[in-house]
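The structure appears right after this line, and notes come after that.
Residues take their numbers from the sequence shown, with the count starting at 1. These numbers come from the heavy atoms of this one structure, side chains and all, not from hydrogens, waters or symmetry mates.
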Amino acid sequence: MARIFAVANQKGGVGKTTTTVNLSAALAAHGQRVLLVDLDPQGNATMGSGVDKRAVPATVYEVLVGLKKLVDSRARSEAGGYDVLPANRELAGAEVELVEIENREKRLKDELATVDADYDFVLIDCPPSLSMLTLNGLCSAHGVIIPMQCEYFALEGLSDLVNTIKQVHAKLNRDLKIIGLLRVMFDPRSTLAQQVSAQLEQHFGDKVFKAVIPRNVRLAEAPSHGLPGVVFDKAAKGSQAYLSFAAEMIERIKTV
């Protein structure tokens, strides 16, 4: 059975897409069968996986509105070694069209059930807002991975996200839980980063992943080459951190 995880944070620019792409590639490098679902109309996870969002014959948009089946809409990230359900700007229109569709918040969940046996992990890159797209991601998932920077405003946004997850758990998806918080773009020289990191560990305990992703220029350069950072420069500190994170995820799901 595939374990489905939404990578979510209502704050933009916190490394959701970088985390989704690199965790997908790192899990694949550890021998796992992985599907990345791009739920962001910007399509950055699609492009970062080396899939041209302008040339794909089908996207998650067609799947959500019932024009295509997920099994026929997958693309392959040859470099990353995983499958991608791609997205492009068309997806922005799905918000309006889904309003009139029955069980609209569970469209993705129903489609993922049809490919359950094909994967060990499904990772969903959610947009930075609580939209119908994000809701589809949260309703599909067994758990949420929250990437966050160790800064003051990130803590403020975290409480809103936790409340949202609790509401979805109560009303729409009883399986949903927070799998863990991932500290990203971490600068160990910053006193504030150290303080916020300590606060997270104090409040969330073992929900905070041991892996910490440092600020790393090689991770930032990788998308321009259409490659996950883990593939672009495996020896870089950021890539090594994501490989460690993938190993931790594989261990953690054994206890979930």
Residue pair [X] / [Y]: nearest heavy atoms and the distance that separates them:
{"X": "Leu161", "Y": "Ala8", "answer": "CD2-O, 3.6 Å"}
{"X": "Pro147", "Y": "Thr19", "answer": "CB-OG1, 3.9 Å"}
{"X": "Arg76", "Y": "Gly81", "answer": "NH2-O, 3.1 Å"}
{"X": "Ala87", "Y": "Val60", "answer": "CB-CG1, 3.9 Å"}
{"X": "Asn22", "Y": "Gly229", "answer": "OD1-N, 2.8 Å"}
{"X": "Gln10", "Y": "Leu130", "answer": "NE2-CB, 4.2 Å"}

Requested in this report: Quick one: do Phe121 and Ile250 satisfy side chain to side chain contact (heavy atoms under 4.5 Å, CB included)? Show the steps, please.
Outcome: CA-CA 9 Å; Phe121 284 88; Ile250 293 168; 4.2 Å; yes
Quick one: [atom1] on [X] to [atom2] on [Y], what's the gap to the nearest 0.5 Å?
{"X": "Gln32", "Y": "Leu123", "atom1": "CD", "atom2": "CG", "answer": "10.5 Å"}
{"X": "Ile253", "Y": "Phe5", "atom1": "CD1", "atom2": "CZ", "answer": "5.5 Å"}
{"X": "Ser24", "Y": "Leu36", "atom1": "OG", "atom2": "CG", "answer": "4.0 Å"}
{"X": "Ser140", "Y": "Asp175", "atom1": "OG", "atom2": "CG", "answer": "11.0 Å"}
{"X": "Gln167", "Y": "Leu138", "atom1": "CD", "atom2": "CG", "answer": "11.0 Å"}

With a sphere of 6.0 Å drawn around NZ of Lys237, does it hold more than 12 non-hydrogen atoms of other residues, nucleotides or ligands?
no
State, yes or no, whether a side-chain contact exists between [X] and [Y] at a heavy-atom distance under 4.5 Å.
{"X": "Arg252", "Y": "Ile179", "answer": "yes"}
{"X": "Leu133", "Y": "Pro41", "answer": "yes"}
{"X": "Met249", "Y": "Ile145", "answer": "yes"}
{"X": "Leu108", "Y": "Val37", "answer": "yes"}
{"X": "Thr59", "Y": "Leu91", "answer": "no"}
{"X": "Gln195", "Y": "Leu192", "answer": "yes"}
{"X": "Ser197", "Y": "Leu200", "answer": "no"}
{"X": "Met148", "Y": "Leu158", "answer": "yes"}

Main-chain N/O of [Y] paired to [X] side chain as donor or acceptor, under 3.5 Å:
{"X": "Gln240", "Y": "Lys234", "answer": "yes"}
{"X": "Ser239", "Y": "Ala235", "answer": "no"}
{"X": "Lys16", "Y": "Asn9", "answer": "yes"}
{"X": "Lys207", "Y": "Ile178", "answer": "yes"}
{"X": "Ser49", "Y": "Val51", "answer": "no"}
{"X": "His142", "Y": "Ile4", "answer": "yes"}

Among side-chain atoms of [X] and [Y], is any donor-acceptor pair under 3.5 angstrom?
{"X": "Thr18", "Y": "Tyr242", "answer": "no"}
{"X": "Tyr61", "Y": "Asn88", "answer": "no"}
{"X": "Thr191", "Y": "Gln194", "answer": "no"}
{"X": "Thr17", "Y": "Asp125", "answer": "yes"}
{"X": "Glu62", "Y": "Ser73", "answer": "no"}

When hydrophobic residues are tied together by side-chain contacts of less than 4.5 Å, even through go-betweens, does [X] share a cluster with [Y]?
{"X": "Val144", "Y": "Leu135", "result": "yes"}
{"X": "Val196", "Y": "Leu181", "result": "yes"}
{"X": "Met132", "Y": "Leu176", "result": "yes"}
{"X": "Ile124", "Y": "Leu35", "result": "yes"}
{"X": "Tyr82", "Y": "Leu243", "result": "yes"}

In short, salt bridge (Lys or Arg N to Asp or Glu O under 4.0 Å) pairs touching residues 101-120 with sequence neighbours left out are Arg33-Asp120, Lys69-Glu111, Arg74-Asp118
### Message
Does anything in residues 34-53 form a salt bridge (Lys or Arg N to Asp or Glu O under 4.0 Å)? List the pairs, not counting sequence neighbours.
### Response
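Every salt bridge (Lys or Arg N to Asp or Glu O under 4.0 Å) pair that includes a residue of residues 34-53, provided the two are not neighbours, is Asp52-Arg54.
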Contacts of Glu90 meeting side-chain hydrogen bond (donor to acceptor under 3.5 Å, both in side chains) (sequence neighbours excluded), chain-then-number -> none
Those residues at least two apart in sequence (or on a different chain) that pass side-chain hydrogen bond (donor to acceptor under 3.5 Å, both in side chains) with Gln199 are none
Exercise. Run the numbers on Leu39 and Leu85 for side chain to side chain contact (heavy atoms under 4.5 Å, CB included), then give the verdict.
Key: CA-CA 9 Å; Leu39 271 187; Leu85 181 57; over 6 Å; no
Show the numbers, then the answer: is there a side chain to side chain contact (heavy atoms under 4.5 Å, CB included) between Arg183 and Ile213? CA-CA 6 Å; Arg183 291 162 288 183; Ile213 313 300; over 6 Å; no
So the ring pair (Phe, Tyr, Trp, His ring centres under 6.0 Å) pairs with at least one residue in residues 162-210 (sequence neighbours excluded) are Phe209-Phe245
So Leu64 and Ile101, side chain to side chain contact (heavy atoms under 4.5 Å, CB included) or not? Walk me through it. CA-CA 10 Å; Leu64 288 174; Ile101 295 178; over 6 Å; no
N/O donor to acceptor pairs below 3.5 angstrom from side-chain atoms of residues 217-225, sequence neighbours left out:
residue: Arg218; atom: NE; partner: Asp233; partner atom: OD2; Å: 2.9
residue: Arg218; atom: NH1; partner: Glu221; partner atom: OE1; Å: 2.7
residue: Ser224; atom: OG; partner: Glu221; partner atom: O; Å: 2.7

